[in-house]
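Predicted, not measured: the structure shown is a model, and the values here were computed from it.
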Amino acid sequence: MDTTKGSGLSIKSRVSAIVLAACLLVMVVTSAVGHFIQTSGGSVRTQEVEFTTDVGASSHAKLYIPSTATADTPAPAVILCHGYTASLDAMEPNAIELSRRGYVVMALDMYGHGESTLPPAGYSQAEMGGIEDYAPDLGSYSALQELAKYDFIDLTKIGMLGHSMGTAAIQEGAYLAYAKWQNAYNAALAEAVEAGSDEATAAGAAYMAAMSSGIVLPASMVLTGYNYNVRNISDLTYNGVTAENGVFPLFAAPVNICTVQGDYDEFCDLLWGVKDSRSYTQSFKFTYGTGGASNVPSGTYFMYGDASATPLSREDAAAAAASAALTMVPIRAAYNFNGTHSDTYYDETAISYGIDFFDVTLRGGQATIDPTDQVWHGRAACGLIGLLCALTAFVALALTLLRVPFFATIVQPEPQSITTCDTPAHAIRYAVIYVVCLLPAPLLYYWLVGYPYYMQPQWFKFLTKFWPNSVFNMAPMNSLLLFNVVIGCVLLAVYVLVFLFIAKKAGFGWENTGLKLPPVQVLKSLLLAALSFAGVYAVIYACSGLSGTEFSFFKFNIMPMDAAHWVAFLKYLPVWLFFFLLASVLYNTFTRVNNLPGWANYLLIAIASCGGLAAMFAYDYGKLFATGVRGIQYIPGTTSAEWLSAIGMSFPTALAGIMLFSLLFILPISAVMSRVCFKKTGSAWLGGFLTAFVVLAFTISHMVVSM
């Protein structure tokens with residue numbers, strides 16, 4: 001009997017090591033399988049590229065090169081540009097589907113995102129008015145020109161696809177390319193006229209000179225989750241644009257363009273000027289971008305300038321698109337799909353629309369694979385499974401290292417919670433305090449987070465309560481930092497009041513908080529958390545380096561970070577440590593109830609971490625899906641008469657709402673991680689330290705560097 005018992009204890013003590021080994025194995029396997037899917041079973045090779053842009057920034061991109069693209073059989077190419085709170089990995093579904101169909105794909109990290117830097121101070125672009133520190137293409141123009149280096153690309157068949165911010169950027173990149181082409185044409189024309197050529201001869205010579213200037217021009221563009229870039233005709237900015245003073249700079253360029261808009265796009269009011277995204281084709285910006293068309297049925301191909309939007313057959317659309325450079329009358333198309341703004345990344349229908357438009361405009365209507373035949377789901381599943389295993393591995397490694405004698409000294413008996421619901425009165429009191437703790441986050445979230453969009457090269461600076469600066473240089477992270485500080489202080493005050501006026505009177509003291517640990521043991525807890533975090537992160541780097549895939553799904557990811565992100569990580573870390581140490585104490589010494597089963601406490605803690613935010617989210621997006629308009633449209637305070645007279649616009653909650661997706665994923669996971677560590681060590685320190693590291697990496701690894 002003793003032998004069996006000892007064997008059982010031995011097996012139990014090895015559970016964390018077994019879980020760790022299993023998680024690491026799955027991470028490696030999903031990374032390899034993800035690479036297999038990403039490269040279409042080896043028929044597409046990927047290549048990381050770096051280049052210096054026209055304004056001196058270092059841009060990073062990933063090439064997807066199908067085996068059918070050769071110097072003898074050059075292939076059409078598509079540049080992919082992601083949205084604001086993302087990096088090039090977000091465009092992976094499009095990259096996989098286009099490359100397996102024979103397109104060369106360049107997925108680009110926009111300025112300040114992923115591994116691309118911001119331009120050095122003092123840059124300007126002549127075609128953008130020579131305005132200092134203004135380069136709204138975010139590197140997309142230089143990416144276009146980079147394609148000329150590859151002999152396996154057909155430079156007469158170039159497409160661009162962007163999402164949200166990336167859509168704004170590709171329009172600017174295309175405008176720059178055509179403006180430079182026009183400048184080359186005008187210079188050659190003037191020279192020919194001065195040499196005595198007649199008008200027709202001069203024009204022909206100028207055209208040939210411009211075409212041989214080496215400027216790569218896009219022939220086709222897919223705009224997802226963003227409007228046509230309509231400028232104010234007086235100063236060519238985006239400020240104060242109306243139906244009376246607008247101009248669409250690409251109207252005279254022979255670029256075939258389609259728009260893909262979700263039926264429930266959170267940004268529609270800000271971007272298109274209509275509250276319900278399903279009616280975006282009725283906006284004046286759509287009319288400008290199509291040359292007069294309005295209220296166009298989804299999926300319709302028509303000619304630019306045709307105000308009645310007379311539908312074209314697929315064959316006619318392909319013929320018109322192919323001759324656009326000669327006729328100067330490109331085609332337009334408009335699509336709707338059943339999804340939100342961010343769903344464009346991962347929606348089969350939206351992806352198929354982009355594929356089909358490129359097939360029509362770059363391949364004469366020929367489809368190598370049906371646009372609806374898609375395989376990217378497997379890569380996405382690998383990313384999600386690998387991510388969940390990585391999150392589990394952080395805790396499993398920490399618990400495994402606890403068996404090392406040096407770290408084993410931090411383990412102490414788990415203290416009793418200050419909460420026992422042994423009478424109806426105690427249960428009601430607990431429920432009231434529990435609900436009170438849930439309220440601050442949803443009540444203050446939108447006000448504190450604001451609309452944290454700050455992209456200096458675009459001159460887009462929206463409402464955030466904590467502007468980026470040289471120290472804290474990420475606008476979305478600054479909003480989360482402010483949220484953590486304010487909500488943390490409110491919860492700390494509630495906890496102290498409960499401890500002093502309820503728990504202490506019931507005989508609970510400092511030892512019940514989970515914080516009573518000698519300083520040397522606190523430092524050991526910090527070291528253990530750091531080693532566990534670093535150990536698993538090293539595996540993340542290794543998997544990415546070997547396979548070229550990330551552990552990511554939708555808005556959820558932990559990615560390898562560059563030096564700029566690690567520096568920022570250390571700057572933001574103190575606030576994350578404050579918040580998650582407090583959360584560890586709150587979850588385990590107050591939210592946990594002594595006389596409930598373990599599973600119930602895990603559930604209570606998970607709900608406490610995000611329950612209020614989840615309820616707000618359910619109302620907000622439930623209203624959106626029911627009516628087409630969100631329940632909480634504007635940041636509190638920005639709809640007042642005083643605000644409108646001073647600022648001129650109300651700020652939407654769209655970006656904060658999208659950021660909430662990630663919080664609702666990681667907060668309950670971090671709460672469970674904290675509970676596991678507390679249960680094993682009897683203190684709040686290890687769980688607080690480890691979850692702070694993990695959650696900060698989760699939020700910062702793909703975030704934009706604003707300054």
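A side-chain donor-acceptor contact under 3.5 Å links S552 and D89. Side-chain contact, R675 with N601: no donor N or O sits under 3.5 Å from an acceptor N or O. Side-chain contact of R630 with T653: a donor-acceptor pair under 3.5 Å is present, judged by distance alone. With hydrogens and angles left out, the side-chain atoms of N594 and T420 include a donor and acceptor closer than 3.5 Å.
Annotation: cation-pi pair K524/F406 present, NZ/CZ under 6.0 Å from the ring centroid and within 45° of its normal.
Side-chain rings of F689 and F533 stay apart, their centers remaining 6.0 Å or farther from each other. The distance between the ring centers of W566 and F569 falls below 6.0 angstrom. You'll find the ring centres of H163 and H341 inside the 6.0 Å limit.
No side-chain heavy atom of F580 sits less than 4.5 Å from a side-chain heavy atom of L690.
Sorted by first and then second residue, the pairs that involve residues 613-641 and meet ring pair (Phe, Tyr, Trp, His ring centres under 6.0 Å), not counting sequence neighbours, are Y264-F625, F617-Y621, F617-F661, Y621-F661. Residue pairs satisfying the ring pair (Phe, Tyr, Trp, His ring centres under 6.0 Å) criterion with at least one member in residues 411-437, sequence neighbours excluded, are listed as follows: Y430-Y434, Y430-F590.
Here the options are F267, Y454, Y451, Y84, the test is ring-ring contact (aromatic ring centres under 6.0 Å, His included), and the partner is F462; only Y451 passes.
Considering only residues two or more places apart in sequence or on other chains, P574 meets the side chain to side chain contact (heavy atoms under 4.5 Å, CB included) condition with none of them.
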(message) As a quick check of understanding, evaluate side-chain contact (heavy atoms from CB on, under 4.5 Å) for L517 and V522, giving each step before the final call.
(response) CA-CA 6 Å; L517 204 65; V522 173; 4.0 Å; yes
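Although no hydrogens or angles enter the test, the distance criterion places a donor-acceptor pair under 3.5 Å between the side chain of Y445 and the main chain of A656.
Between F394 and Y537, the ring-plane angle classifies as tilted under the 30° and 60° cut-offs.
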